[in-house]
Amino acid sequence: MSSYLDELNEAQREAVLQKEGPMIIIAGAGSGKTRVLTYRIAHLMKNGVDPFNILSLTFTNKAAREMKSRIAGVVGPSEAKNLWMGTFHSVFARILRSEAEKLGYPSNFTIYDTQDSVRLISSIIKELQLEKEKYKAKQVLGRISQFKNSLITVRAYYQNPELIEADKVSGRPKIGSIYKEYVDRCFKAGAMDFDDLLLRTNELLTRFPEVLAKYQDRFRYILVDEYQDTNHSQYLIVRALADRYQNICVVGDDSQSIYAFRGANIKNILNFQKDYDDVKMFKLEQNYRSSSTIVQAANSVIDKNKTKLDKEIWTANQEGESIKIMRTFSEGDEGRFVANSIFENKMQQQLPNNSFTVLYRTNAQSRAIEDALRKKNIKYKIYGGLSFYQRKEIKDTLAYLRLLVNPNDEEALKRVINYPARGIGQTTVDRLVIAANHYKISIFELLHQLDGLSININSGIKAKLNNFRDMIRSFQIEAASKNAFEVADLVVKKTRLIRDIESEGTPEAVSRVENVQELMNGIKDFIEEQHQKEEDASLAYFLEDVALATDFDKDKEDVPRVSLMTIHLAKGLEFPYVYIVGLEENLFPSAMSMNTRSEIEEERRLFYVALTRAQKQVYLSYAQSRYRWGKLIDCEPSRFLEEIDEKYIDFISPKKEQAAGNKFINKDIFGIPDENRIRFKKPLVRKVEKPLKKTAAKPVQVKPAKNLKKLSDMQGSQNLFDHDLLQGNYVEHAKFGKGEVLSVEGTGNSKKAEIRFESGDTKKLLLQFAKLKIIG
DNA sequence: TTTTCAAGAATTTTT
DNA sequence: TTCTTGAAAA
């Protein structure tokens with residue numbers, strides 16, 4: 001019976017055996033945290049705890065699924081089935097569905113994703129006639145999100161002079177009005193955004209003691225993974241639920257807290273011992289994942305942080321290779337370096353592609369890496385970025401489905417009311433929104449009484465609106481007797497959505513059609529899976545699944561691929577070989593996170609997370625110049641590079657033919673960093689923080705020669721460049737025809753020419769875009 | 001109302 | 001560079 005206990009070390013075993021009471025497990029990177037969690041749950045079940053009474057909250061759906069299947073391996077699948085496991089968002093969305101009426105919500109409420117929220121806020125800003133330069137929708141949403149995660153309701157906001165003052169000072173006194181309208185509109189649409197899922201859960205548990213008691217009694221054992229990344233709202237939920245039985249086990253690592261930007265509060269983990277009585281603390285300090293070089297190098301970095309819990313990560317693993325640092329000329333070279341190095345390692349060690357990952361700070365960096373990997377014919381997969389479910393064609397299709405499940409869903413309706421085009425223009429939609437607000441009903445309800453109410457819409461368009469309404473109604477009727485796939489199929493056919501995409505005739509259109517088909521297949525798979533698990537396979541449930549899904553969740557393994565992702569996404573994963581690219585000031589650490597000590601510390605933790613993903617070897621690289629916003633920027637190496645203890649690093653020299661060619665990893669060159677080292681060290685001594693803006697806005701150097709080649713390759717014709725376009729030249733434009741250059745102004749990318757065309761028109765064109773050909 | 005094209009904005013990180 | 005927005009043309 002205790003076979004699984006034998007697989008644990010001392011600290012791990014103690015943590016597993018501690019059955020009751022509040023406890024915290026500080027789990028260093030690679031210390032077998034998941035193993036402890038799964039065995040702990042299995043152990044509880046083997047000792048008479050009903051799985052029905054265990055709630056386990058993880059950070060991603062993927063983690064939940066993995067853990068569940070591992071537990072099933074220990075206790076058997078039928079036992080594991082009743083466990084409640086998932087992310088905060090998915091677990092509480094489920095609970096909210098069954099309790100929604102208490103809060104005045106329909107149980108089929110929609111979940112707005114970030115894009116829906118931003119669109120709604122933009123629309124509100126417009127309706128309130130605020131300047132959109134001052135009120136940037138994304139920023140406003142960020143602010144509202146802060147409020148919600150701190151449980152500041154609209155009313156609480158208006159009662160808090162400090163907040164009001166702060167928004168006044170920042171030049172956005174109307175934030176409160178937007179907040180109020182946003183909340184009202186979401187409510188009217190029967191929609192919750194991500195933050196609402198937590199906020200409304202708190203509301204539910206506070207306002208209805210009997211509901212709280214019910215779930216307290218149900219969840220007698222609560223486990224929270226990645227506790228360092230919980231926000232205040234999540235913290236309160238956990239505290240409320242655990243209050244009765246106090247069987248709360250939180251797991252985390254303060255050194256891996258990387259989500260402060262979305263409200264995560266590292267104090268939750270630092271103060272856990274103050275929140276509960278008699279807290280037992282366990283520390284998992286032995287790293288099983290990485291070579292000792294990597295562990296010690298990572299330690300030397302994280303030691304620079306002041307705010308952290310006391311712990312000492314160590315490993316019994318072998319020393320391994322030193323960490324390699326590569327300086328490259330440009331991001332393109334960086335990509336080639338990575339691709340070549342992966343290729344070499346693959347060949348020499350006979351490894352599959354999925355032994356490698358490339359990590360970066362921002363999604364935009366993936367392009368150069370992709371290009372290089374493609375050239376080398378190395379298969380890769382990108383995680384994150386524009387995810388499948390965020391693509392336009394997918395969102396459009398889903399919007400129809402959302403609308404028929406919840407016809408009050410305003411964002412879904414606005415998305416599809418004129419897509420595919422059916423002659424209902426923006427003006428009409430604007431009028432509908434205003435009228436719906438005025439009569440305090442949803443747009444869909446409004447569509448039922450177009451004749452009864454006084455709305456300034458002519459009869460031709462009214463007929464079109466009625467047609468649209470009837471179509472949605474007919475979908476709803478069909479939905480009652482059909483399964484999710486059949487409904488979706490019907491919608492796609494009836495709306496001619498696919499035909500509309502196809503009619504574009506571009507190669508991209510083909511892949512977009514394929515995406516829609518893939519979505520349909522996804523629905524099919526979903527239904528099958530749910531039937532197997534004997535769970536809800538309704539359309540509504542599918543939509544919830546999709547709203548809370550991330551890219552990791554639809555991972556279909558075919559061939560092994562190199563993983564490309566942001567460091568944030570890499571948390572919790574491990575790979576034999578890890579490449580961390582773009583180690584440059586203003587990129588990593590990010591220019592937007594250099595203002596305060598705590599921001600820099602979070603960036604440093606991020607770097608720590610990146611390093612500790614690696615089992616065998618880490619490669620770091622930085623480019624001396626990089627395109628950002630289409631401009632070439634000079635870069636300085638990241639301060640983090642010099643924070644790694646020197647004894648663990650080696651420099652790779654960037655020889656020209658190596659950067660471009662094939663032979664790269666050459667033992668000889670590891671040892672000759674002298675020249676590099678000197679050049680590397682010097683600019684790194686930066687005791688006083690420079691004003692960052694300056695570096696960011698460094699004069700742009702456009703390299704004419706390089707550009708020339710690139711552009712002309714692309715357009716297959718002679719192109720103009722700053723230096724060779726003069727007043728008086730005759731040029732030809734693909735669209736406007738021939739013309740004479742009247743004047744030239746601006747420099748670099750903003751260089752414009754005023755041209756009088758033969759048609760008589762005079763236009764000012766940006767040379768960057770206008771494909772001009774000199775003809776005389 | 002719809003489509004097209006030029007101009008402008010944008011890059012942290014995500015459930 | 002790529003995506004979004006806005007104005008003008010159809």
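Fair warning: this is a prediction, and the values are worked out from it, not measured in the lab. First the proteins, then the strands, lettered A, B, ... as listed; each starts at 1.
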Original post:
Can you tell me how far C1' of B:dT12 sits from CZ of A:Phe588, to the nearest Å?
Top reply: 11 Å

Original post:
Is the shortest side-chain N/O distance from A:Lys138 to OP1 or OP2 of B:dT11 below 4.0 Å?
Top reply: yes

Original post:
Can you list the stems that DNA chain B is part of, where a stem is at least 3 pairs in a row, each Watson-Crick or G-U, with both distances below 3.5 Å?
Top reply: B:1-10 with C:1-10

**OP:** Examine B:dT12: is either OP1 or OP2 under 4.0 Å from a nitrogen or oxygen in the side chain of A:Asn363? Give yes or no.
**Re:** no

**OP:** Not counting sequence neighbours, which residues clear ring pair (Phe, Tyr, Trp, His ring centres under 6.0 Å) with A:Tyr105? List them please.
**Re:** A:Phe187

Subject >> Closest to side chain of A:Arg628, choosing from B:dT11, B:dT13, B:dT15 >> reply: B:dT11

**OP:** Specify the residues of residues 85-94 of chain A, ordered by number, for which at least one heavy atom lies under 4.0 angstrom from an atom of DNA chain B.
**Re:** A:Thr87, A:His89

Subject >> 4.5 Å side-chain heavy-atom contact, A:Phe92 and A:Leu199 >> reply: no

**OP:** Looking only at side-chain atoms of A:Arg262, point me to the closest of B:dT14, B:dT11, B:dT12.
**Re:** B:dT14

Original post:
Please give, in whole Å, the distance from C:dT2 P to A:Glu370 CD?
Top reply: 11 Å

Original post:
Taking atom P of B:dT12 as reference, at what distance in whole Å does atom CD of A:Gln365 sit?
Top reply: 12 Å

Original post:
Nearest of B:dT13, B:dT2, B:dT1 to any side-chain atom of A:Arg361?
Top reply: B:dT13

**OP:** Just call it for A:Leu198: base, sugar-phosphate, or nothing, with non-hydrogen atoms closer than 4.0 Å on any strand.
**Re:** nothing

**OP:** Check whether any side-chain nitrogen or oxygen of A:Ser590 sits under 4.0 Å from OP1 or OP2 of B:dT11, and answer yes or no.
**Re:** no

Subject >> Interatomic distance where OH belongs to A:Tyr235 and C1' belongs to B:dT15 [whole Å] >> reply: 21 Å

Original post:
Has A:Ser593 got a side-chain N or O lying under 4.0 Å from the OP1 or OP2 atom of B:dT13?
Top reply: no

Subject >> Toward the 5' end of DNA chain B, by each residue's nearest nucleotide, A:Gln426 or A:Thr566 >> reply: A:Gln426

Original post:
Can you tell me how far C1' of B:dT12 sits from CD of A:Gln139, to the nearest Å?
Top reply: 13 Å

Original post:
Mapping A:Leu587 and A:Phe59 onto DNA chain B by nearest heavy atom, which one lands closer to the 5' end?
Top reply: A:Leu587

Subject >> Length of the line joining A:Leu359:CG and B:dT14:P, which is rounded to integer Å >> reply: 12 Å

Subject >> Any A:Thr427 side-chain nitrogen or oxygen under 4.0 Å from OP1 or OP2 of B:dT1 >> reply: yes

**OP:** Write down the distance between CD1 (A:Ile417) and C1' (B:dT1), rounded to a whole number of angstrom.
**Re:** 14 Å

Original post:
Are any non-hydrogen side-chain atoms of A:Arg94 and A:Arg97 less than 4.5 angstrom apart?
Top reply: no

Subject >> ring pair (Phe, Tyr, Trp, His ring centres under 6.0 Å) partners for A:His568, two or more places apart >> reply: A:Tyr259, A:Phe261

Original post:
Tell me, which pairs form a salt bridge (charged side-chain N to carboxylate O under 4.0 Å, His left out) where one or both residues lie in residues 413-422 of chain A, sequence neighbours left out?
Top reply: A:Asp396-A:Arg415, A:Glu410-A:Lys414, A:Glu411-A:Lys414

Subject >> Of the listed nucleotides B:dT15, B:dT11, B:dA10, the one nearest the side chain of A:Lys136 >> reply: B:dA10

Original post:
Considering only side-chain heavy atoms of A:Arg367, which listed nucleotide, C:dT2, B:dT14, B:dT13, is closest?
Top reply: C:dT2

Original post:
Is A:Phe261 stacked on the base of B:dT13, meaning ring centres closer than 5.5 Å and planes within 30 degrees of each other?
Top reply: yes

**OP:** Could you check A:Asp229, A:Thr230, A:Asp254 and say which one makes a side chain to side chain donor-acceptor pair (under 3.5 Å) with A:Asn268?
**Re:** A:Thr230

Original post:
Think A:Asn418 has a side-chain N or O under 4.0 angstrom from the OP1 or OP2 of B:dT2?
Top reply: yes

Subject >> Donor-acceptor pair, side chain of A:Asn61 and main chain of A:Leu548, under 3.5 angstrom >> reply: yes

Original post:
Taking atom C1' in both C:dT5 and B:dT12, what distance in whole Å separates the two?
Top reply: 23 Å

**OP:** Could I get the full list of side chain to side chain donor-acceptor pair (under 3.5 Å) partners for A:Ser621, not counting sequence neighbours?
**Re:** A:Glu334

Subject >> d(CD1, A:Ile633; P, B:dA10) in whole Å >> reply: 16 Å

Original post:
Testing A:Thr114, A:Asp193, A:Asn231, A:Asp195 for side chain to side chain donor-acceptor pair (under 3.5 Å) with A:Ser145, which one passes?
Top reply: A:Asp195

**OP:** Indicate yes or no: at least one non-hydrogen side-chain atom of A:Tyr112 is less than 4.5 angstrom from one of A:Cys186.
**Re:** yes

**OP:** Look at all strands and tell whether A:Ile461 reaches a base, only sugar-phosphate, or nothing, counting heavy atoms closer than 4.0 Å.
**Re:** sugar-phosphate

**OP:** Say whether, by atom type as modelled, one donor and one acceptor occur between the side chain of A:Glu602 and the main chain of A:Ala260 under 3.5 angstrom.
**Re:** yes

